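Notes follow the structure.
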Amino acid sequence: MIRILFFAQLKEQLNKKEMTLPYQEITVKQLRERLEKEYSLPALSSVLFAINEEFAAEDDIIRDGDVVALIPPMSGG
Amino acid sequence: MIRILFFAQLKEQLNKKEMTLPYQEITVKQLRERLEKEYSLPALSSVLFAINEEFAAEDDIIRDGDVVALIPPMSGG
Amino acid sequence: MFQIVKEPIDVSRVIEAVVDRNAGAIVTFIGTVRELTKGKKTLYLEYEAYESMAQKKLEQIGAEIKQQFPNAKVAIVHRIGRLEITDAAVVIAVSTPHRADAYEANRYAIERIKEMVPIWKKEHWEDGSLWIGNQQETISYEKGIPKEMKS
Amino acid sequence: MFQIVKEPIDVSRVIEAVVDRNAGAIVTFIGTVRELTKGKKTLYLEYEAYESMAQKKLEQIGAEIKQQFPNAKVAIVHRIGRLEITDAAVVIAVSTPHRADAYEANRYAIERIKEMVPIWKKEHWEDGSLWIGNQQETISYEKGIPKEMKS
């Protein structure tokens, strides 16, 4: 299983803080595409992905049990 | 009359905070030379002069009643 | 001290965290909520964070600074929740033996916060609200990852 | 707020003096008494000022900053007398709408203090003491006058 966290505008648009997906081996890039297609998420081109609280590259592989966070453009400070 | 103020190392070396000189028209440069010669002050080449709380140039003329301050190299902050 | 907090930030406490017998300079940055941005009047802001990751990333910024300035002490506290005009959203304190390093390290910290700490700001105006991001795309990320420490 | 004081400086009060509804950034500089300078251990410092002129010069620095950064608010407090290790000798707070200006204006203020505010520092060590000046003559004054405002 993969846990996926949403923040800020994504959380508001989806009206949820998180969701889970049954596990299958998948890269960040593949997950991004799948979320855009199957879950009617807005275009995620400007969204970064974090796996277990570390930023992930497009070809990083997501493991069973990972927590994936979608990080829209940050605006702290 | 001209009032002359001393600070920091000058005040310690002379063991006084100020002195007065009878007035005569004089430039800052002339006063510097006179202080070095007649009042056994240490070399004042690195000392700035202020007239009435404003920095003065070498050829500024000191007027009767002015307060002249000798400003050794500053080290605030 | 690296914290995400929900209450007003006590600036003195952040400064105290970096006091050091061998520091000659402490530079602090306080990011405050400004009323006018591009002529538009902000009513208040709302900050949200991915708290556990944001905390780690603040610590990482501290470690990056220590690597560049081994004698530096760093403290960063970021507030989340609703903030009113003039409230402090973030306080960064850096102490170093000499002042040039304190200014530079402090500036580095705020730039890094903006590019890689998962915190988001929503501006509320009279006629609407918006999550503020990098709308102008002035920050570019290589391969989806904020650049690692400047070398 | 531009003051020469004999008591410990209340940093919060200096910061409060520059809080502004249109400020997005407040940068403060705290100059603290460092124990080690070039490997030599300082016991304490003594600061002396030509108080009335120093006060005027701090105000002048504030005016110079306002001319370069019209939206800036500036407060500077310098302490004199005997200061112990870690005590704050000077606190400079600058607020501006955007952060780059606050860092720059703050840095400008401390450099100007060192070059044209009549304050002197005496370092006391175990084996002696010395009035610290511009021993390396790194500051040059044209015609005996600290340069006027940078244009």
Side-chain angles (χ1 to χ4, degrees), chain A residues 2-21 25-37 40-63 65-77, chain C residues 4 29-33 37 45-61 76-80 88-92 107 109-123 129-148:
Chain A
I2 308 170
R3 198 170 148 217
I4 303 177
L5 309 182
F6 305 111
F7 297 95
Q9 56 268 53
L10 289 174
K11 185 174 80 177
E12 283 186 357
Q13 285 162 11
L14 293 164
N15 199 25
K16 58 181 161 191
K17 285 163 67 172
E18 58 177 281
M19 61 183 272
T20 52
L21 286 182
E25 187 167 298
I26 193 174
T27 65
V28 165
K29 182 172 158 51
Q30 288 165 334
L31 177 62
R32 180 195 301 274
E33 289 164 357
R34 198 172 146 198
L35 288 170
E36 285 176 345
K37 276 186 208 143
S40 63
L41 273 165
L44 296 177
S45 62
S46 67
V47 170
L48 301 181
F49 282 63
I51 302 176
N52 303 329
E53 305 182 354
E54 286 299 337
F55 290 104
E58 288 293 289
D59 50 5
D60 281 356
I61 292 166
I62 297 162
R63 313 277 168 195
D66 278 352
V67 177
V68 176
L70 273 62
I71 314 278
M74 294 163 274
S75 51
Chain C
I4 306 292
F29 173 83
I30 306 172
T32 54
V33 178
T37 294
L45 295 185
E46 229 183 307
Y47 278 93
E48 179 180 327
Y50 180 7
E51 290 185 49
S52 52
M53 180 172 171
Q55 161 86 31
K56 275 193 192 172
K57 289 293 158 190
L58 294 183
E59 286 165 10
Q60 180 186 328
I61 293 169
I76 308 176
V77 179
H78 202 300
R79 183 176 170 193
I80 56 173
V90 63
V91 178
I92 303 165
R107 184 75 193 264
I110 182 65
E111 303 303 336
R112 283 299 264 165
I113 287 171
K114 287 178 182 286
E115 75 189 15
M116 52 79 97
V117 178
I119 298 177
W120 301 270
K121 166 168 81 174
K122 190 179 193 179
E123 288 193 3
S129 64
L130 188 66
W131 286 99
I132 305 301
N134 181 34
Q135 271 86 359
Q136 293 79 37
E137 306 210 332
T138 50
I139 299 175
S140 65
Y141 298 105
E142 203 173 320
K143 296 194 305 176
I145 305 185
K147 73 176 177 312
E148 283 311 301

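Nothing here was measured: the structure is a model prediction, and the numbers come from that model. The sequence lines fix the lettering, A, B, ..., with proteins before strands; numbering per chain opens at 1.
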Handout entry: Whether H78(C) side chain and G76(A) backbone form a donor-acceptor pair below 3.5 Å
Key = no
Handout entry: Donor-acceptor contact below 3.5 Å, side chain Y47(C) vs main chain G77(A)
Key = yes
Rounded to the nearest 0.5 Å, what separation is found between the [atom1] atom of [X] and the [atom2] atom of [Y]?
X: M116(C); Y: I71(A); atom1: CE; atom2: CD1; answer: 11.5 Å
X: F7(A); Y: W131(C); atom1: CZ; atom2: CH2; answer: 10.5 Å
X: I113(C); Y: M74(A); atom1: CD1; atom2: CE; answer: 12.0 Å
X: K57(C); Y: E53(A); atom1: NZ; atom2: CD; answer: 9.5 Å

Problem - Exercise: do Q9(A) and W120(C) side chains pair donor with acceptor under 3.5 Å - result: no
Exercise for the section: Let me know if A109(C) has heavy atoms under 4.5 Å from chain A in its side chain, its backbone, both or neither. Expected result: neither
Practice task
Measure K121(C) against the heavy atoms of chain A and call it side chain, backbone, both or neither at under 4.5 Å.
Solution key: both
Problem - Ion pair check, K17(A) and E48(C), cut-off under 4.0 Å - result: no
Handout entry: Within 6.0 Å of NZ in K29(A), more than 12 heavy atoms from elsewhere
Key = no
Exercise for the section: Would you mind telling me which of S52(C), A54(C), P118(C), A49(C) has the largest number of heavy-atom pairs within less than 4.5 Å of chain A? Expected result: S52(C)
